Amino acid sequence: MTLPHRDAPWVFRTYSGHTSARASNELYRANLAKGQTGLSVAFDLPTQTGYDSDHALARGEVGKVGVPICHIEDMQALFESIPLGRMNTSMTINATAAWLLSLYVATAERQGVDPRQLSGTTQNDIIKEYLSRGTYAFPPEPSMRLISDMIAYSVDAMPKWNPINICSYHLQEAGATTVQEIAYAMANAIAVLDAVRARPDVPASALSRVVGRISFFLNAGIRFVEEMCKCRAMAELWDEITRDRYGVADARERRFRYGVQVNSLGLTESQPENNIIRIVLEALGVTLSRNARCRALQLPAWNEALGLPRRWDQQWSLRIQQILAYETDLLEYADLFDGSPVVAERVTELKRAAREELERVLAMGGAVAAVENAYMKRRLVESQTARLRAIEHGEIQVVGLNCFTESEPSALTEGAHSILRVDEFAERDQIERLRAFRAKRGEADVQAALQGLRDAIANGANVMPASIRAAHAGVTTGEWAGVFRTLYGEYRAPTGVAVSAAPAADHTLAELRKTVKQLGDQLGRPPKILVGKPGLDGHSNGAEQIAVRARDVGMEVVYEGIRLTPEEIVQSARDEGVHVIGLSILSGSHGVLVMDVLEGLRRAGLERVPVVVGGIIPDDDAAKLAEAGVKRVYTPKDFDLNRIFGEIASLVSEAAAA
Amino acid sequence: MNLLDDRRPGRREAALGLLATLERAAAAQTNAGAARIGITGAPGAGKSTLLDALVRRLRARGQTVGIVAVDPSSRVSGGALLGDRARVRSGARDRGVFFRSMAARERLGGLADATWPSMAVLSAVFDVVFVETVGVGQSEAEVTELVDTLLFVAQPGAGDVLQFMKAGILEHPDVFAVNKADVGAAAERTAGELAAGLSLGAQADADWRPPVLLVSARDGRGIDELADALAAHRAHLVASGELAERRRRARTAYVSDTLERRYGSFGVERIGGREALRARADAGHGAGFETALAIGREIEAALGKPA
């Protein structure tokens, strides 16, 4: 059935931001000029975790994976000459979402725009931060309060804003099966809605509108038929849950609205040109079915596994969306799959299995409880372990990685400039701007605004109005988050690695265990490895997989978790008497952080302990690290964990014999 | 610490030599050295986070802290994931706190071979030494042999009196802490069950009534009281003379256990069997490790190995 009018396309976005507010603003305006229809702001890790650019933990991270925003003038610079009243802005921000939204509102007010006109989305799903992404700051309880404050505030004050974007995206990155992805996303949404429903300041009459503003953020993997079925299953489940659990009568408020970033995890470093094909197919999974089509789409760049994409790389991905929406006939038809028995059967089965898993989580007290008791995390670590093993064994085929690996030299990666380099002075410049801003602002206003925030928290009032006042007064990101840190402390989420089960041994694993056992005899005790993530990058999936495999080959593993300073890593190495140190860094700040660790080890007299590094590390950086003393550098193309541990065992043996 | 954990023959002798030296130094001192405290409880009871809160409080009181955390080893691979360091963050960037993780290896209980000697070495340096280990039942019995004070961490809804008694966890601990008191009624109920259970059974130490405290690592309630209760138990041990008794028992247990593991029952038979071994280890008061070295040499001679 053709439609009387061609459908309007989804919103085209590109997840971007780097170096500084000014540089990112230029990028945004260039992208909009090319036909992008919405913005998707990437913030740097200090901003995401609530630290100012000059904080000790921010070292090496400023402007790396996103834009640094410390105060209102940064936010104003970010949206210079971009009329916020007509823009649709998505902000990937979670722990400090209430603050960044306050800065956005204050910026709009200074542009003369009524907040009621603002449309866009704050990601704001803290549960998946504990499970996967790692950029949380506060414990679950105050975090949930911040989220429900934002929802209660925006439902009236910003009725076109999506105050939360429940993320199944990161669950898939963390290894979730399709069923787990559906079930845990629904559990997260229920945790949020239950918290909002319990608030005295949200009348029952407003709940239906609240439900109508809940949006989702999905992943789309390469199995695009299943992904299409997943989207349909989620749309149906959401309709049923909002009707039955929250009594939403209006079918429009029950509509499953979601944005997508297609899968970055499956993009390969080897034969990276193939990624563009993967991105196209993944985009089909979330656009083909009209009844479950995404509202906004972000496509990664083909070279993301190599480093930061350049403007041209992002443009290529934007063109995919435009060709799909404008050149093809996709938007001329009604749903292509209604009535298909094959699709219906798969959707029904996904729904059934997801409901079963959802009930299990609800029975243990819901998503927050299942974070605190590490249930969901453990299930994700197990799925991820199984997935990686399947790739190692060739049961999952990845072209160019574990099959069809013979290749001509890639014409796309010739030359040293196939990725973007962040200006090395970005951090210094940002800190200078921050200090100049602090020097000129009205200190009395700042202190009064911070006191107002503390009072609001103490009185149980909504923190949004006080935060918006603080934004205008010149409070910084670190100061705002500092108020919450002082009150609630830092939080460490359970890692889930300690409880994941060991796999059955295959031949290589058995051989490796023998090697490790002999190494233990040589050392006088089993080899002990320290696995840690220096810096603010919270993507702990890789480090966790390494930790689990290290145990499975027979090593004793001190798994330190995320957000460590180089100093802490050196202290652990000394106190724990480890034989080797494995560092994982995905944020691109490997240069500074690894050098600091090596220097610290030298000062502590531990320079003989071998250090290996894993992460997204371009070749010439790897060469620099090797020169500085790093024994091995592993990148996403090194998928064979047993081979990695064979090498690590040799390194330890050599170091012990030396 | 690395030396204490080294199984190579020469290193083992050196480790025992180090311990013997420490023992002589300790015997020359009048005070009893560090407080040695064991922490046990079921997985998920929140031992690590509670320990973290406790360490913060002790540091605020000016005390230095050494921690040994023991995790089980995989039966299959022999490897182990030692994850508690990530949760006890109070020691980061503080040289007044030392944290060492260790794997239980082939031992089934909650301890590793190197646990007791490590604790002995840390006792020479820090004011308070903790041993943290997972487990309910068996490991309490084992840990209690090594420490001065045993703290049991329970979580709300952990069970009724009968289950606590069945698990055999009521006999050994000197202090009980019901964690997650912030959840309210369920914590009160568990504390009540524990107190009721304690009033039924007989305690090893008739003069000490183990307190049951409601604590919350999350909001900090009861942590001060817990630190006070641990100090009070220590004062009780010193005053009653029980401390010296416990230390002697711990050393005897370690020495005979080490020799038994090393030479097996066959070796132990050479010097008159298990009871004789225990008696001799016990008699070497103030010189337990020299005794151990001597007995070891004797067994090796009897087995026909070069001493």
Side-chain angles (χ1 to χ4, degrees), chain A residues 139 141 372-374 488-505 509 512-513 516-517 520-532 544 547-562 564-565 567-568 571-572 574-579, chain B residues 1-12 15 43-44 46 48-49 52-53 56 66-67 69 71-89 91-95 97-105 112-114 118 134 155 180 182-183 217-220:
Chain A
E141 218 170 304
E372 291 188 325
N373 70 11
Y488 300 112
E490 283 280 345
Y491 183 69
R492 294 273 152 187
T495 61
V497 293
V499 281
S500 69
L509 192 56
L512 199 48
R513 281 179 186 162
V516 170
K517 188 144 188 341
D521 294 339
Q522 182 197 344
L523 299 169
R525 59 189 167 113
K528 197 172 188 182
I529 181 173
L530 173 69
V531 178
E544 284 159 5
V548 169
R549 183 60 59 91
R551 178 205 56 186
D552 291 342
V553 303
M555 294 189 182
E556 297 183 348
V557 192
V558 180
Y559 179 59
E560 276 250 70
I562 61 169
L564 304 164
T565 63
E567 198 186 345
E568 287 170 328
Q571 184 184 333
S572 303
R574 176 173 45 197
D575 289 5
E576 295 286 358
V578 298
H579 299 106
Chain B
M1 301 289 281
N2 293 344
L3 176 66
L4 299 175
D5 197 17
D6 200 322
R7 298 178 303 220
R8 286 172 290 185
R11 307 299 173 93
R12 271 205 290 227
S48 309
T49 37
D52 186 47
R56 266 176 227 281
I67 303 160
D71 277 311
S73 293
S74 157
R75 299 276 102 196
V76 182
S77 72
L81 274 166
L82 314 168
D84 285 334
R85 193 178 186 95
R87 271 172 284 161
V88 184
R89 302 294 295 184
R93 278 168 284 184
D94 175 5
R95 292 316 290 168
V97 179
F98 179 93
F99 191 108
R100 175 89 172 193
S101 319
M102 49 182 71
R105 307 213 179 123
D113 286 345
S118 302
V134 179
Q155 58 180 335
K180 308 180 185 177
D182 45 289
V183 303
R218 183 191 272 187
D219 66 16

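Bear in mind the structure is a predicted one, so any value in this text is a computation, not a measurement. Lettering follows sequence order; numbering is per chain, from 1.
Using a 4.5 Å cut-off between heavy atoms, A:Glu141 touches chain B through its side chain atoms alone. Interface remark: A:Lys528 contributes side-chain atoms only to the contact with chain B (heavy atom separation under 4.5 Å). Only the side chain of B:Arg105 comes within less than 4.5 Å of a heavy atom of chain A; its backbone N, CA, C and O stay farther away. Interface residue A:Thr565: only side-chain heavy atoms are found under 4.5 Å from chain B. Heavy atoms closer than 4.5 Å to chain B are found in both the backbone and the side chain of A:Glu556. Neither the backbone nor the side chain of B:Arg11 comes within less than 4.5 Å of any heavy atom of chain A.
At least one side-chain heavy atom of B:Ile67 sits under 4.5 Å from a side-chain heavy atom of B:Val97. Between A:Arg525 and A:His579, some side-chain heavy-atom pair lies under the 4.5 Å cut-off.
The residue among A:Val553, A:Leu512, A:Leu523 with the most heavy atom pairs within less than 4.5 Å of chain B is A:Leu523.
Side-chain N or O atoms of A:Arg513 include one that pairs as donor or acceptor with a backbone N or O of A:Asp552 at under 3.5 Å.
Considering every non-hydrogen atom in both A:Val516 and A:Pro527, the closest pair reads CG1-CG, 3.7 Å. The minimum heavy-atom distance linking B:Asp5 with B:Ala114 is given by the pair OD1-CB, 3.8 Å.
Taking the charged nitrogens against the carboxylate oxygens, B:Arg7 and A:Asp521 do have a contact shorter than 4.0 Å, which makes a salt bridge.
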